[in-house]
Each structure stands twice: as C-alpha cells, then as structure tokens.
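Residue numbers begin at 1 in each chain, while the letters A, B, ... track the order of the sequences.
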Amino acid sequence: MTGAARPPRLALSGLDKRYGARRALAAVTLELAAGTIHGVLGENGAGKSTLVRIVAGALRPDTGSVAIDGTPLPLGAPRAARAAGVGVVFQHFALIGALSVAENLSLGRPETHSTRAWLTSPARLAAAASSLAERHGLAIGDPGARVDTLPVGTRARLEILRALSGPVKVLLLDEPTAVLTPVETAELFTTLRGLRDRGVLVVLITHKLAEALDVCDRVSVMRGGALVTTVATRDLSPATLAHLMIGDAGAPASGALATIAGTASAATAPTATSTRAAARALDAATPTRVAALIVHALSTPGAPGRTALHDVALAVEAGEICGVAGVDGNGQDELVAALYGLIPRGGVARVAGVVVPAGDVLAAQRAGVALIPGDRRREGLAPGLSLWENALLSRPLLARVAPHGVLDVGAARRAAAEIATRYRIVHARLDQPIADLSGGNQQRVVVGRALAALPRLLVAVNPTRGLDIAATAQVQATLTGVAGAGAAVLLISTDLDELRTLCARLFVLYRGRLHGPVAPDDRARLAALMAGLAA
Amino acid sequence: MLRALAAVVVAFAASALVLLVSGARPLPALAALVAGAVGDRFALTDTLLKTCPLLLTGLAVALAFRCGFWNIGAEGQLLMGALAATAVGRTTGAATFPLPLLAALGAATAAGALWATLAALLRVLRGVNEIVATIMLNFIAARLVGWAVHGPLMEAAGRYPQSDPVPTAALLPMVAGRVHLGVALAAALAAVIWALLFRTSVGFRWRVVGDNAQAARVAGFSPERAVLTAMLASGALAGLAGGIEVLGVTGRLFEQFSSGQGYTAIAVALLARLHPAGVTLAALFFGALAAGSGAMQRVAGVSAVFVAIVQAGTLLALLALEASRGRTIAAAEHP
Amino acid sequence: MTADLIALLTTTIALATPLLLAALGELIGERAGILNIGVEGLMLTGAFAGMLGSYATGSPTLGMLAACATALLLGVLFALWVVTLDVDQVVAGVAINLLAVGTTGVLYRAFFGNTGSALTVAAFAPLAIAPGVALLAPLRQPAPVYAALALVPLVWVFLFRTRLGLRLRAAGEAPHAAESVGVNVVAMRFGAVLAGALLAGAAGGYLSLAYSNTFVEGMSAGRGFIALAIVVFGRWQPLGVLAGSLLFGAASAAQFQLQAAGVAVPYHLLLMLPYVLTLVVLAIASRAARGPAALAQRRSLCATAD
C-alpha cells in the first residue's frame with residue numbers, strides 16, 4: 001500500500017456558486033483525508049450550507065468539481081452522490097413525520113440487490129431498521145413508531161442512521177447539534193469518533209467554536225463564500241478561531257462578537273461578561289421594581305404535536321430581560337402561545353397587575369404584551385403584502401391608523417417609514433413586497449413592529465436565529481434598550497450564549513415544566529436541567 | 001395586463017383547434033363570435049348585460065380568494081339570489097315602486113350571503129373543505145331552483161318549469177334601451193369593493209388572513225371571523241348578481257337559470273389577478289364572449305358551451321405564464 | 001320487502017362503482033400530494049370518449065379503453081401544469097373541468113346534433129352469475145364493477161406494501177425531505193396524477209357503458225366532486241374509500257327507491273340527497289381527518305427550509 005499516492009477521500013476544486021449578484025461560494029478548493037473529522041466553520045451566510053448541498057448533489061455549482069477517492073462525482077445528482085458514498089444529515093431534519101421509523105430508514109437506503117424486492121412489509125422494514133441500528137450501536141426504539149411522536153434526540157439519531165444506511169465514505173452533518181441537549185451532543189460526538197476510527201471522513205458544519213475544537217481534527221473557516229484557512233485544531237485557541245470567522249475588516253458590534261466568543265468559553269470572553277454586567281447595571285438603575293409579568297399555575301392541554309405545560313410559575317420584573325432556555329420542542333411554543341392568547345390555558349397571568357384572560361390575543365395586546373414570533377415567515381409576515389402593510393400587522397397598530405375602520409394610508413405609510421428609518425431597514429420602496437427583503441431586514445420589521453406598540457411585556461422567541469452578525473447585534477441591542485426603558489422582556493431562546501449575554505436570570509423548559517431560576521454562569525446546572533437530569 | 005392578454009390569445013388559438021376537430025370552420029365561427037359581441041348596438045348591449053352578473057360574481061370570487069377561501073360556490077349563491085328575488089318580487093309586487101324592487105334585491109343579497117356563510121361555517125366550525133362544500137351547495141341550489149319552478153313558484157298555467165313574471169314594480173328600471181340600472185350598480189360596486197379591500201381595516205384583515213392565516217392570528221386578527229365576514233360579503237355580491245339577472249333581464253325564474261356564470265366568475269377573478277379594476281375588464285371580456293357565443297351558435301352552429309373551452313384555455317395559459325415568472329423569482333431568492 | 005332490499009342493494013353497487021373508481025384514483029393522487037378537483041371533468045371526458053369508442057367500434061371494451069386513454073391524455077395535461085410547471089392545483093383543476101365541459105359539449109353537439117335523440121351504444125352486460133337465484137341478483141353486475149372492487153386491495157398493497165408506494169406517500173407528506181433522500185418527487189406525483197386520471201376515465205366509461213348505454217351532457221353530475229368528499233370520509237385509506245362509496249351509492253339508490261315507491265317528497269328534493277349527505281358526512285368526518293401533509297401544496301412553496 002502506498003498511502004502517499006492515494007487520492008484524498010473528498011476533493012473539492014474551484015467550486016463557485018452565484019445567486020444573482022451574491023456570490024454564495026467563491027472558488028472553494030479543499031482536499032480532505034479519510035479517517036478524519038473535519039470541521040467547517042463560519043457565520044450564517046458564509047456558504048457552509050451551499051457547500052453541503054453541492055456535495056450532496058442537491059445543488060449544482062456554476063463551476064468546479066467534486067471527487068470522491070479520485071473519482072469525479074456527477075454534479076446536481078443526489079442519487080449518484082449517495083451511490084458514491086456520500087451521506088448527509090441536513091440542518092432541518094429531512095425525516096417524514098407521518099411515516100414510521102422503519103419507513104423513513106427504508107427511504108434513505110440505496111437500492112441494492114437485497115432491497116430491490118418489489119413488495120415489502122412493516123415486519124421486513126422493521127427488521128432491516130433494527131439490524132441497521134444495531135450495526136451502528138444507535139438506539140432507535142420501536143421501528144414502527146411514527147417519527148413525529150419521537151423526541152428530537154431520537155430523530156437526530158435516526159437522521160444519522162439514515163445517512164449511514166448505505167456504504168458511507170463521507171458523512172456530512174449540517175449543524176447537527178442545534179436541537180440536541182449537551183448530553184445528546186456528547187453522545188453524537190462519540191458516534192462520530194467511532195465512524196472516524198472506521199475510516200469514514202466526517203465533515204461537521206457548525207458555527208459553534210467549542211464543538212469544533214472538541215471533536216474535529218482540523219477545521220476550515222469560511223467567510224463570505226470563500227475558504228479563509230484550514231488549520232489543525234490543536235494549534236488553535238478559541239479567540240483565534242473567533243477572529244478568523246469574523247474577519248478583521250468591519251469590526252462587528254461587540255454584542256455579536258460576545259455571542260461568538262462566548263461559545264468557546266465564558267472565561268475567554270470578557271466582552272460577554274461586560275455586556276452582562278452592563279445589563280445588570282441597567283436593571284439596578286431602574287428605580288421601581290414592579291413585577292410586569294406574573295404567571296401562576298399556568299397549564300395547557302397536550303395534543304398531538306403539542307407539549308402540555310404543567311404548573312408554570314414565573315415572574316418578570318419591569319426592566320428585566322428574563323431568559324427561558326431549553327431544547328426546541330419542550331414547550332416553548334406553547335408557553336408563548338398561552339401567554340399571548342393563541343391557545344387555551346389554565347392558570348393566571350397578570351401583566352402590570354391586570355389579569356389577562358386566556359385564549360384572547362386582543363386582550364393580551366391591550367394588556368401591553370407584544371410578540372416577536374420565533375418563525376417570522378410562518379407567524380410574523382404576510383409575504384404577499386407590502387413592506388408598509390406588514391409594518392401594520394398588529395391589531396393595536398392597525399387601529400391607530402384606521403380610526404372607524406377606514407384606513408388612513410398616509411398615516412400608515414408614515415408609521416411604516418418611521419420603523420424603517422429607526423431600525424435601518426434596507427428597502428427600495430415602502431410598496432415593495434416584504435418577501436423581497438433579506439431575512440435580517442424582515443426581522444427588523446417584525447422587531448420594529450412589536451416595539452411600536454410600546455409593550456409593557458415583550459416576548460421574544462429566538463429573535464436572532466438565522467441573522468447575520470450586524471442584524472444580531474442590532475436586535476440584541478434593541479432588546480437591551482427596551483428593558484432599559486422599563487419594559488419587561490421574556491427572551492425564549494435555544495441559543496444559550498445569547499441568553500447568557502443578555503439575561504440576568506434564566507429558566508429552563510423541559511417537557512412542559514419550567515425549572516429555575518438559574519444563574520447564567522452555572523453551566524453545569526443549565527446542562528443538567530436541559531437534559532432533564534436535575535429537578 | 002400583458003400576461004392576461006397573452007393568455008387570452010393563447011386560449012383562442014387553442015380553442016380554434018377544438019372547433020377544427022368538431023368539424024366547424026374556425027374563422028367564420030370566430031367571426032360570428034366577434035360580430036355577436038361588438039358588431040352593433042344590439043351586440044354591445046348584449047355584452048353589457050352578460051357582463052353584469054360576471055362582474056358581480058367575479059368580485060365575489062376575487063374577494064373570497066383574497067381572504068384565502070376557495071369559494072367555488074358563486075354559482076349556487078347566484079341561484080339562491082335569483083330564487084329569493086323571484087319569490088319576494090312575486091309576493092310583494094303589488095306594493096308601489098320601489099319597495100318591491102328593494103325588497104327583492106335585499107332578499108337576493110341575503111340569500112346569497114346565507115348560502116355562502118353556510119360553507120364558511122362548515123369550514124370554520126367543522127373543518128370541512130370549502131371547495132367540496134361550495135360545489136355541493138351549488139348542486140343543492142340548482143335542485144332547489146328546479147323544485148321551486150316545478151312546485152311553489154311554477155307558473156299558473158302549469159305548462160313550463162318556470163315562474164310567472166315578476167310584477168313590474170319589482171323590476172329594475174332601464175337606463176338606456178335594454179340596459180338596466182343593475183349594470184350601473186355593478187360598476188359602482190366594483191369601486192366599493194376596491195375601497196373595502198384596500199382602504200378599510202376589514203379589507204386589510206381579509207387580505208392578511210388570505211396571505212398568511214397564522215400571521216394574522218398572531219397579529220390579533222381572527223381568521224375565522226375574517227372568513228365569515230368575507231364570505232358574507234362574497235355571497236351577498238353573488239346573490240345580488242342572481243337577483244339583478246331576474247329583475248333586470250329575465251323577469252322570471254326557470255330551470256337551468258344560470259349558464260354557469262358562477263364558474264366563469266372564477267376565470268374572471270383569476271384573469272384579473274383578484275383586483276376589482278381588473279375584474280371589471282375581465283368581466284367585460286367574458287361578457288363579450290358570452291354574448292358572441294350565442295351569436296356563434298345561431299350562425300355557425302357551434303355550441304355556446306364553447307366559451308368554457310376559452311375560459312379553460314385562458315386559465316391554463318395564465319397559470320403557465322405565472323409559473324414561468326414565479327420560477328425565476330424562486331431561483332433568485334433561494335440560497 | 002326482500003325484493004325491495006335486493007333491488008336497493010343491486011342499485012347501490014351499481015351507483016357506488018363509478019364513485020369507487022374515481023375516489024381510488026383521487027386517493028392515489030392525494031397520497032402523492034396532488035389535489036385534483038378536475039376529477040369531475042376527467043370523468044365526464046371518460047364518459048364521452050367511452051360512448052364515442054363504443055359507438056365507433058361497437059365494443060364496450062374498446063369504448064372503455066378509449067375512455068381511459070382520453071382521460072389519461074387530459075391527465076397528462078393536468079400533470080404538466082400541476083407537477084412540471086408546479087402551478088396552483090385548485091385553479092388548474094377548475095380549468096380541467098371547464099375544458100371537459102366545453103370540449104364534450106361542443107363535440108357532442110357537433111357529432112350528434114342538438115336534438116339529444118336517443119343515442120344508444122353497445123354497453124357491458126351484467127355477468128350471468130347464478131341466474132335464477134333471486135337472492136344473488138346484486139352479484140349480477142357488469143365486469144367493470146368487479147374490476148373496481150378488485151382494485152381496492154390492489155391499491156392498498158401498492159400504497160402500503162411496496163417500496164414504490166412508500167416513495168409515493170413520502171412525496172405527498174414532505175416533498176423536500178423526500179427529494180433529499182433521493183425520492184423522485186416529480187416522477188411520483190406525475191405518475192400518481194396519471195393513475196388517478198386513468199381511474200377517473202374508467203369511472204366515466206362505466207357511466208356511459210355499464211351504468212347506462214348513452215351519453216348525456218354533464219352526465220357526471222357532480223360524482224367527481226363527491227369522490228373528493230369520499231376520500232376525506234375514507235381517511236385516505238382504500239377500505240375507507242370503499243365504505244364511503246357504498247354509503248353514497250346507497251344514498252343515491254335510496255333516492256330512486258323512494259321515488260319508485262311514490263313517497264310524497266318532490267323529485268327535485270330527493271335529487272339533493274347525495275349532495276346533502278356529502279355535506280353532513282364531511283361535517284362529521286372532517287375534524288378528525290388528517291390528510292397527507294403536503295396535499296395541494298406546490299413543491300416550490302412547501303414549508304421547509306432548504
């Protein structure tokens with residue numbers, strides 16, 4: 001065996017991809033060896049996902065080529081990629097909720113002689129699923145269970161199993177830990193190390209430095225579609241890595257840098273600490289400490305696809321940013337919906353001393369609650385309507401510019417223009433469809449609209465998810481500003497670093513129960529609560 | 001506008017093919033169609049009269065679609081309006097003008113609104129797919145009309161399945177020649193509906209609900225209430241169309257009262273991209289087509305249902321043109 | 001009494017068959033994520049083409065083939081629009097219905113005149129099963145009835161016991177996810193539309209070649225729309241669709257029986273029965289029913305990132 005002459009497991013050369021004027025990938029060339037774990041790091045929009053999609057065959061590059069073990073891969077052909085040994089775990093799980101575990105695994109399996117049988121049966125699929133799970137030492141539970149009834153951790157394992165169901169040479173994972181608890185993340189990394197030891201090339205896409213440094217042998221950093229550098233992790237400090245990701249040009253706002261650096265370790269992130277200290281100072285400066293939100297014995301009924309909330313008690317003071325941590329799907333959506341009157345609930349909620357009746361959005365709005373929804377495209381925007389109309393998408397705001405039900409278009413546009421100016425929304429015209437704006441600018445509309453209602457209580461759900469650094473910094477500064485002006489902010493986020501940066505107190509949602517408060521620095525307790533290991 | 005024109009041209013070309021297959025000579029047939037639509041004063045009057053119900057039902061459909069409710073039931077709502085107008089016009093006809101007319105128009109509006117609200121309630125309260133519900137209600141309305149003209153409303157002579165004429169006091173006055181006041185009313189309503197949709201908070205809520213019901217809910221606009229109110233308005237318009245048709249054109253109710261105007265309305269609304277001003281133009285176009293097809297049937301012996309082919313062709317061409325446009329947008333914004 | 005029951009049962013099966021064929025076809029389409037409200041038009045086209053085929057050849061079997069082939073052709077058109085061009089399925093379905101009404105109307109009058117003279121064609125005869133045994137009369141149905149019944153288990157096996165069926169269901173539940181694991185969603189949906197069109201055409205052919213032996217303009221009379229309701233009622237399961245078809249067949253049959261029995265309810269009101277029943281059944285069944293997640297959604301607009 002002449003190891004030196006062997007071609008690299010995965011070779012990318014000159015990959016280029018443009019969307020209109022934007023260059024998503026710029027001449028990316030990279031060679032990766034078998035039997036390693038390689039990290040690809042970068043901010044949102046750095047081109048990581050585009051790279052994954054190209055290797056997976058889901059996207060055709062404009063130019064460039066991909067080769068596996070020296071054999072060029074046909075581009076834009078998912079099936080060919082899978083046949084060549086590329087397995088992918090997508091960022092948004094590509095599992096089909098209404099199908100069973102076994103059916104989902106069967107869908108991912110490439111056609112071979114043994115599986116080409118025309119007829120199949122649940123028993124046969126289950127047997128195949130179980131043997132696959134056993135082979136890789138991953139527990140999947142009942143293979144006949146519908147996937148949408150399973151916890152997120154199991155789904156993540158399923159996704160990985162499915163990627164491994166063929167003869168995998170290259171395993172790509174796109175932000176696989178976004179929905180995992182720290183414990184589940186650790187388990188995943190053990191699995192990945194096992195795969196590496198069996199000669200698989202594992203490519204881990206992430207924006208979390210700690211993870212990359214923990215599990216990867218080498219990392220490549222991407223910025224603005226281009227590959228900045230590739231280095232071995234043992235030569236790296238978190239601070240260096242953070243600077244590589246952000247770049248030197250256009251020094252980003254300190255809040256965002258804090259978020260990134262905070263990922264590495266709280267100890268090496270002085271900016272995070274100082275921001276938090278500033279937030280606390282703001283709190284202390286608030287003269288009267290009024291409980292803006294008091295929730296007592298709040299509960300919601302469970303339903304398919306819904307987590308029941310049990311006996312949630314919570315108080316948020318005016319001028320405070322109170323954080324709720326937790327892995328997605330532990331009742332965050334339900335807590336928000338219950339507080340905002342979107343779903344029925346039991347228990348009592350008071351805002352500024354006034355009892356807010358259950359299941360009544362208008363009553364919640366009148367009591368002074370405003371919401372920044374977690375999924376702006378689904379819950380926050382009407383994509384077919386214009387920018388100025390979307391700036392009105394809230395009953396109290398609409399009432400202001402439509403006295404007696406007649407819309408004063410002039411006033412409405414002025415109000416929208418004010419939001420656009422104050423939040424620096426990049427737009428061509430107020431009549432522009434909101435769908436034409438970038439994600440960051442859309443989120444600015446949503447945030448500006450929520451604050452235009454002058455809320456006593458602002459409920460913000462993952463307000464910076466998917467935003468670039470500048471937008472993230474702006475949104476975070478806005479939240480701090482609102483609290484500074486005396487409103488209470490309930491920040492519900494899956495991003496622990498963001499919560500640590502902004503909040504003085506944290507609660508954790510786990511399976512519909514609220515635990516805490518926890519000091520933001522108490523990482524061990526947070527991790528335990530998020531994994532349901534402590535009460 | 002350009003796309004709409006292109007769609008119409010493609011539709012005509014395609015429907016000429018069907019004429020060829022049917023053995024008719026396309027050019028003389030189409031010439032008869034055009035002459036029957038705009039050839040002389042009589043033809044133009046005909047076009048206006050055929051436009052009127054299409055304009056009202058087109059507005060009805062556009063309004064419902066804007067609110068995200070697939071109202072395929074303008075046909076049934078129109079029939080219920082015609083039925084109610086006939087019944088009320090016949091019973092109140094002895095009173096002095098304009099009371100019977102107002103009563104009959106009011107009844108038509110209410111009947112249409114009620115019929116549409118039934119479908120809306122079925123969806124809001126019971127989760128019934130409105131497409132199936134409105135279509136079923138169309139069939140039921142047609143059978144109700146059939147029952148009425150064979151039963152309680154059948155003419156005294158008892159010979160044909162039709163009602164006796166509605167008394168004059170309940171009829172719409174004529175504006176010019178055979179053109180009745182309803183035509184003007186319909187045109188005015190197009191402006192009203194525009195203002196309702198784009199200049200009131202009710203219309204704003206309808207449009208938000210139609211665009212993204214979940215976002216509307218979060219904004220504090222109840223999608224259920226929006227659907228109910230929108231369908232109330234939509235059904236009222238379609239019912240009014242039926243009432244006006246009885247009180248301004250036919251003067252009586254009979255079996256097969258509608259020649260499918262309620263279905264044509266869908267093509268009208270979509271060709272207009274759900275905009276009231278566009279609905280006016282599209283209704284004129286399909287009204288002309290309807291007037292012309294009658295002439296074509298007389299002159300060239302081609303069945304008047306030929307219009308349905310042109311409508312189908314227009315819809316398909318329009319969809320294809322929008323798809324080619326939509327695709328480029330999707331590709332551009334998808335990272 | 002017994003004679004009435006036997007007659008009722010016989011008519012029920014005869015009336016349920018076109019609904020069953022159309023609803024099974026619609027079921028396959030909907031499982032792949034395509035809502036085809038043009039099934040009414042496909043049925044009407046099938047009825048007309050079937051009659052034309054039998055008129056031209058004198059063979060009801062060839063007529064049935066013509067019905068299926070013509071509906072298939074129209075199905076290709078529909079699939080090109082809703083799958084390839086990925087346009088709105090409801091609007092395209094409306095267009096297909098209009099196209100069918102117009103085309104069959106124009107051609108029928110062009111070929112056979114306005115008179116509606118009693119045009120009759122060769123039709124399927126009932127199978128001579130146990131002639132003479134009165135009790136078994138409901139079994140003496142034309143061959144397409146048996147073909148339709150046989151399709152129920154076949155469709156079930158296809159959907160739930162084959163890899164192809166699994167892929168088809170995946171395309172209807174989550175097209176993007178399915179695509180990412182290598183399911184050819186376009187092919188699945190295209191094929192499902194064609195299968196549905198074929199069956200709707202057969203349902204139409206049954207109307208003009210087995211249930212009757214002639215064509216009347218608009219003879220599908222809303223059965224295609226009722227088939228849509230049956231799919232919801234049957235909760236997207238072949239057996240449920242069979243049950244729904246029989247229920248609606250029975251309702252229509254009862255309407256005829258009542259009429260024949262001289263019940264003092266006006267004829268036109270009796271005619272409403274199936275449509276009213278559809279609404280009632282949907283009002284009861286809709287809340288609990290959960291269709292394929294991506295039903296009627298355009299591929300490009302499905303709610304999945306990436």
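- With a 6.0 Å radius and a threshold of 12 heavy atoms from other residues, nucleotides or ligands, C:Tyr55 has its OH atom at or below the threshold.
- Across every non-hydrogen atom of B:Ile131 and C:Leu35, the tightest pair is CD1-CD2, 4.2 Å.
- Note: C:Asp88 CG to B:Glu322 CD = 10.5 Å, rounded to the nearest 0.5 Å.
- Ranked by heavy-atom pairs under 4.5 Å with chain C, the list B:Leu144, B:Leu122, B:Leu118, B:Val302 is led by B:Leu144.
- Within the structure, the ring pair (Phe, Tyr, Trp, His ring centres under 6.0 Å) test picks out no pair touching residues 279-298 of chain C (sequence neighbours left out).
- Taking 4.5 Å as the limit, every side-chain heavy atom of B:Met136 sits out of range of all side-chain heavy atoms of C:Met272.
- Only the side chain of C:Phe111 comes within contact range of chain B, judged by heavy atoms closer than 4.5 Å.
- The minimum heavy-atom distance between B:Ala312 and C:Ala95, with the atom names listed, is CB-O, 3.2 Å.
- Neither the backbone nor the side chain of B:Leu318 comes within less than 4.5 Å of any heavy atom of chain C.
- Heavy atoms of C:Thr103 lying under 4.5 Å from chain B belong to its backbone as well as its side chain.
- Nearest heavy atoms, C:Gly105 versus B:Ser303: O-CB, 4.2 Å.
- For the side-chain contact (heavy atoms from CB on, under 4.5 Å) with B:Leu315, the qualifying choice from C:Val94, C:Val87, C:Leu99, C:Ile96 is C:Val94, the only one to do so.
- In terms of heavy-atom pairs under 4.5 Å with chain B, the best-connected choice from C:Ile226, C:Leu273, C:Val276, C:Leu269 is C:Leu269.
- Residue B:Arg126 comes nearest to C:Ala283 through the heavy atom pair NE-O, 2.8 Å, listed as atom of the first residue, atom of the second, then distance.
- Ring pair B:Phe139/C:Tyr275 is parallel by interplanar angle, where below 30° counts as parallel and above 60° as perpendicular.
- Neither the backbone nor the side chain of C:Leu80 has a heavy atom closer than 4.5 Å to any heavy atom of chain B.
- To the nearest 0.5 Å, the span separating CD1 on B:Ile140 from CG on C:Leu271 amounts to 12.0 Å.
- Of the atoms belonging to B:Ile266, it is side-chain heavy atoms, and not backbone ones, that fall under 4.5 Å from chain C.
- Looking at C:Val106, the atoms closer than 4.5 Å to chain B (heavy atoms on both sides) sit in the backbone and in the side chain alike.
- Using a 4.5 Å cut-off between non-hydrogen atoms, the part of residues 14-22 of chain B that approaches chain C consists of B:Val18, B:Val21, B:Ser22.
- With a threshold of 4.5 angstrom between heavy atoms, C:Ile37 approaches chain B through side-chain atoms but not through N, CA, C or O.
- Two residues are said to be in side-chain contact when any heavy atoms from C-beta on lie closer than 4.5 Å; C:Glu40 and B:Ile135 fail this criterion.
- Between the side chain of B:Trp147 and the backbone N or O of C:Tyr267 there is no donor-acceptor pair closer than 3.5 Å.
- With respect to chain C, the highest number of heavy-atom pairs below 4.5 Å among B:Asn129, B:Ile72, B:Leu125 belongs to B:Leu125.
- By the 4.5 Å heavy-atom criterion applied to side chains, C:Leu279 and B:Val132 are not counted as neighbours.
- When C:Leu85, C:Leu98, C:Leu77, C:Val91 are each tested for a side-chain contact (heavy atoms from CB on, under 4.5 Å) with B:Leu316, only one passes: C:Leu77.
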